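A short worksheet on the structure shown next.
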Amino acid sequence: MEIKPYIPAEIEPKWQKIWEDTHAFEASTDYSRPKFYGLIEFPYPSGHGLHVGHPRSNTAMDIIARKRRMEGYNVLFPIGWDAFGLPTENFAIKNKVHPAIVTKQNIDHFRTQLKRTGVSFDYTREVDTTDPNYYRWTQWIFLQLYKHGLAYKSEMPINWCTSCKCGLANEEVVGGVCERCGSQVIRKVKKQWMLKITQYAQKLLDGLDTVDFIEKVKIQQRNWIGRSVGAEVDFKLTAGDEKVRIFTTRPDTLFGATYMVLSPEHPLIEKLKDSIVNYDACIAYRNEAAKKSDFERAELAKEKTGVQLEGVKAVNPVNGKEIPIWLSDYVLMSYGTGAIMAVPAHDTRDWEFATKFGMPLIEVVAGGDIQKEAYTDIQDGVMVNSDFLNGMTVAQAKEAIIEKLTELGVGEKKVNFKLRDWVFSRQRYWGEPIPVVHCDKCGIVPVPEDQLPVTLPMVDNYEPTDSGESPLSVMTDWVNTTCPCCGGAAKRETDTMPQWAGSSWYFMRYCDPKATCGIGSKEALDYWMPVDWYNGGMEHTTLHLLYSRFWHLFLHDIGAISAPEPYQKRTSHGMILGENGEKMSKSRGNVINPDDIIDEIGADAFRVYEMFMGAFDQAIPWSTKSAKGCRRFLDRVWRLQENIVDTMDYSDKLNAIMHETIKKVTLDFEAMKFNTAIAAMMTLVNEMYAVGSVTKGELATLLKLLNPVAPHITEEMWELQGLGSGIHHEPWPVWDDAALVKTEVEIAVQVAGKIRGRIMIPADMTKETAEKELVNHPEVQKILAGKTVMKVIFVPGRLVNFIAR
RNA sequence: GCUGAUGUGGUGGAAUGGCAGACACCAGCGACUUAAAAUCGCUUGCUUCGGCGUGCGGGUUCGAGUCCCGCCAUCAGCACCA
């Protein structure tokens, strides 16, 4: 039969319009139906537009969402814009356009591009983090955190460019110098708003046991939180009344401590100023250390540096021994207490430091060779040189020493977390204003909730200030206000929130995006939350995923949301690399624009390729040639219409493979093995061509299976074949296990594990029968000629292995 | 450095401890065509035809791409990019 040609440029816009006009993918507010909430990370609408990486996650969740609709669920699959942030602000400064205007343009561009890919987002629920109706509630959440003591101000080091005289993001610091001007960047201390995420460390850890995240995400989060059990121990000093508290995970090695190390920023240095003989050298060392990042400082491979505090020593509380105190930058103020006892015999970094500076080693756990390297094993060692601990295992010694320290009142058991509090201030314009005012009389006063949002003033100058304060600080009309408490003159907080703020609760807002009396109505939040399935990048595992879980756990605790955890299931996609195998970036010149690909092969083929190109969770280089192969596949699907047998039954020849394919595609989609699901459909189509014709029933099933991946072509063919009013609300196909049963199977014949031939046997042959009788099979006889069989191993449906001599 | 992952033909990849290379891409040959494109068909890991082959070296097992130990290489994150 003559059929019209397949022209994606005609059918794709046609169906996109029909879906929009019929509200096909809008979530229903019929809360009696079973729900499915599928989520992708909302994009940052950058000026460069969509790149081919975005559609990977989008299409994957789109497949799941479309399949769920066909399975009868009320599906929420929303989209929004994470639109505050540094790149937009920098673009705006450079090009003299207001960030709000840039943002609007970028969002419009992104939306247009996204719509072309045919993703079934519910665009009526769009969320934009820069919309005052949205950030009003971001500010509200901040106030709740503040009221519950989880937001506080603290001195924190920031990156400070000595030439631009402004604070820099880590990303703007390249190799220790300012990305813009190349001048040296130092760490400068500034008062910053902090969120006490550490108070939720244990809850964030425990919650992981209740959710279905892929294992590597759970492991990364657990390691990031970094719970470790140890002890805090007080060391007296030989000068002054001060004590130094140290944290250690190895209190059992206390008798092996030969010196102490303080972080160069440790406040004790100031307090002991008068007792320290070489105070100037200590300050010089601290200034040197300020030039390095924590990351550089903690590096194991680097040469250890340090300076000894002269004039003061520390006293080991268990044996009264005096040990020297050093400053070294490998001890960070941000972890533990900023001070350690150094046990060079049993800690690698201490060992390196001690070897370099000639500090003594005392072996307290026997079993290694401490002259060669630190002995860090905690399983097999036995305590020595440790007074009352001698002869104990490491585990026993830990218990015993903690008991002793507690008894003496010089230490205690301590759970410590690597997780640090969240630096929440930015000295930037393009972010949510932090809703507090500073009053000379009343101090920090939160803006009353009914006065939210505190809107960003629309002004012309949002460039960084020389003082390092936020650009908002020079907008006196906005800054000067009255105190909500006493009515006197007060000043607004001029720091803004980080981009993380808006992205920490957007998934809640989708449930009820236009709510005006809260983050969303209780009814909507109760129905939709938690997110059933959240797919995103591995790069968001430790920060965004933890921050947003923290906010959600907190909102649950104050009764604002019922579900305890925000995400029931979390999966991850791999990054799409350029054709040269490198990360796509403008500077490398290897960026692929989806618009170009869609122009060339159509959105459906683009989607098929995005899903077919490789394992979903792996990084894959892009290949435009391979993408064209996917277009060929759709052409072949289209041309199946040339030879159709008008029956809804499956033909005998294709019945088995039809059911196999339904099963494979159904299960593979759920496991996000999209590449093998598509391969199975390709195999089915190849088989249909081998048969020479398809029945209308076979074609209908193929179209339904393919619809989530290639929605436009399948809608068009469904209509052309007169199969109904829209494939997207057809029921998902089911397979019949009975149709999969085979009477005969081919198995491999091995001799001593090596393949020697293949034979056909009845599919239901039992292990006993096979092991007894397969030796007599004529083919097997040939293979085994002249050998004596010692043992037979039979694996049903797979192989038989003869151990023979 | 720390944490997590990855390594299989010319390329992307497939394979509950059980027939390595499914499905594609590229390339080559053939058909159709005045010709080209498109399409269709065939070939396609290496091989001295014995075999050899899943980054390298060991191990467990009747059997290892898959499990264990030790290396090497690459990628992601490292808290102010999001």
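Note that the coordinates shown come from a computational prediction; the quantities given were computed from them, not determined experimentally. Both backbone and side-chain heavy atoms feed into the values below; hydrogens, waters and symmetry mates do not.
- Residues that satisfy the side-chain hydrogen bond (donor to acceptor under 3.5 Å, both in side chains) test with A:S425, not counting sequence neighbours, are A:D495.
- Partners of A:D635 according to the side-chain hydrogen bond (donor to acceptor under 3.5 Å, both in side chains) rule, which considers only residues two or more places apart in sequence or in another chain, are A:R631.
- Within 4.0 Å (heavy atoms only), A:E215 reaches no atom of the nucleic acid at all.
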Practice problem: Determine, step by step, whether A:Y462 and A:W430 satisfy the ring-ring contact (aromatic ring centres under 6.0 Å, His included) criterion, reporting the C-alpha distance in whole Å, the side-chain angles of both residues, the deciding distance to 0.1 Å, and the verdict. | Solution: CA-CA 8 Å; A:Y462 32 80; A:W430 195 228; 8.6 Å; no
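- In this structure, A:K673 is not positioned above the aromatic face of A:F616 in the sense of NZ or CZ being under 6.0 Å from the six-membered ring centre and within 45° of the axis.
- Comparing B:rA79, B:rC80, B:rC81 by their nearest atom to the side chain of A:L86 picks out B:rC81.
- As a whole-Å value, the separation of A:D617 CG from B:rA76 C1' is 13 Å.
- Not one side-chain nitrogen or oxygen of A:R420 sits closer than 4.0 Å to the OP1 or OP2 atom of B:rA79.
- A:L472 approaches A:T494 most closely through the heavy-atom pair CD1-O, 3.4 Å.
- The same atom, C1', is picked in B:rA79 and in B:rA15; the two are 40 Å apart, to the nearest Å.
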Quiz item: How does RNA chain B read in dot-bracket, base by base from 5' to 3', with Watson-Crick or G-U pairs under 3.5 Å and | used when the partner is on another strand?
Solution: (((((((..(((.....[....))).(((((.......))))).((....))..(((((..]....))))))))))))....
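- Comparing atom distances between the A:Q618 side chain and each of B:rC80, B:rG77, B:rU6 picks out B:rU6 as nearest.
- With a glycosidic angle no further than 90° from 0, B:rG9 counts as syn.
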Nucleotide N/O to protein N/O under 3.5 Å, stretch nucleotides 31-33 of chain B:
none

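- Nucleic acid contact class of A:L419 (heavy atoms, under 4.0 Å, all strands): base.
- Partners of A:N106 according to the side chain to side chain contact (heavy atoms under 4.5 Å, CB included) rule, which considers only residues two or more places apart in sequence or in another chain, are A:P45, A:V102.
- Taking A:M682 as the reference, A:F612, A:F633, A:I678 meet the side chain to side chain contact (heavy atoms under 4.5 Å, CB included) condition, with sequence neighbours excluded.
- Between A:E89 and A:R426 no salt bridge is recorded (no basic side-chain N to carboxylate O distance below 4.0 Å).
- When the C1' atom is used for both B:rC26 and B:rG13, the distance is 14 Å, rounded to whole Å.
- The side chain to side chain contact (heavy atoms under 4.5 Å, CB included) test applied to A:T571 returns A:I214, A:W533, A:N535, A:K569, A:M672, not counting sequence neighbours.
- In this structure, the NZ atom of A:K418 is 16 Å from the P atom of B:rG1, given to the nearest Å.
- Looking at heavy-atom distances under 4.0 Å, A:I803 makes contact with sugar-phosphate atoms alone, never a base.
- Within the 4.0 angstrom heavy-atom criterion, only backbone atoms of the sugar-phosphate kind lie near A:D82; the bases stay farther away.
- At a threshold of 4.0 angstrom between heavy atoms, the contacts of A:L799 include nucleobase atoms, whether or not backbone atoms are also involved.
- Atom pair A:L332:CG and B:rC2:C1' shows a separation of 12 Å (rounding to whole Å applied).
- In the set B:rU3, B:rC80, B:rA76, the nucleotide with an atom closest to the side chain of A:M575 is B:rA76.
- A:W551 meets the side-chain hydrogen bond (donor to acceptor under 3.5 Å, both in side chains) test with no other residue; sequence neighbours excluded.
- Taking 4.5 Å as the limit, every side-chain heavy atom of A:T130 sits out of range of all side-chain heavy atoms of A:E432.
- Under a cutoff of 6.0 Å and an axis angle of 45°, A:R570 and A:F213 do not form a cation-pi pair.
- A:K628 is linked by a side chain to side chain contact (heavy atoms under 4.5 Å, CB included) to A:E600, A:I601, A:T624, counting only residues two or more places apart in sequence or in another chain.
- Between the CG atom of A:L543 and the C1' atom of B:rG4 there is a distance of 14 Å, given to the nearest Å.
- The residue A:S425 sits close to a base: some heavy atom pair falls under 4.0 Å.
- Minimum atom distance to the side chain of A:Q220 is reached by B:rG4, of the listed B:rC62, B:rG4, B:rU16.
- When the P atom of B:rC78 is taken as reference, atom CG of A:L546 falls 13 Å away, rounded to whole Å.
- Separating the CD1 atom of A:I793 from the P atom of B:rU61 is a distance of 13 Å, rounded to the nearest angstrom.
- Applying the side-chain hydrogen bond (donor to acceptor under 3.5 Å, both in side chains) criterion to A:H51, with sequence neighbours excluded, gives no partner residue.
- Spacing between B:rC71 and B:rG21 at atom P, rounded to whole Å, works out to 33 Å.
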Under 3.5 Å, N/O pairs linking protein and nucleotides 20-29 of chain B:
residue, atom, partner, partner atom, Å
B:rA24, OP1, A:N686, ND2, 2.6
B:rC25, OP1, A:R632, NE, 3.0
B:rC25, OP1, A:R632, NH2, 2.9
B:rC26, OP2, A:R632, NH2, 3.1

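- At B:rC40, one or more side-chain N or O atoms of A:R639 fall inside 4.0 Å of OP1 or OP2 (strictly under the cut-off).
- Comment: A:K356 does not engage A:E352 in a salt bridge, judged by the lack of any side-chain N to carboxylate O separation of less than 4.0 angstrom.
- The shortest distance between the side-chain N/O atoms of A:K673 and the OP1/OP2 oxygens of B:rA15 is below 4.0 Å.
- For A:P621, the side-chain atoms get nearest to B:rG13 when compared with the rest of B:rG4, B:rG18, B:rG13.
- Syn is the classification of B:rG50, since its glycosidic angle stays within 90° of 0.
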Could you list the protein-to-nucleotides 43-46 of chain B atom pairs, N/O on both sides, closer than 3.5 Å?
none

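- A:Y335 does not carry A:R420 over the face of its six-membered ring by the limits of under 6.0 Å from the centre and within 45° of the normal.
- Atom name P, nucleotides B:rU11 and B:rG45: the rounded distance is 13 Å, in whole Å.
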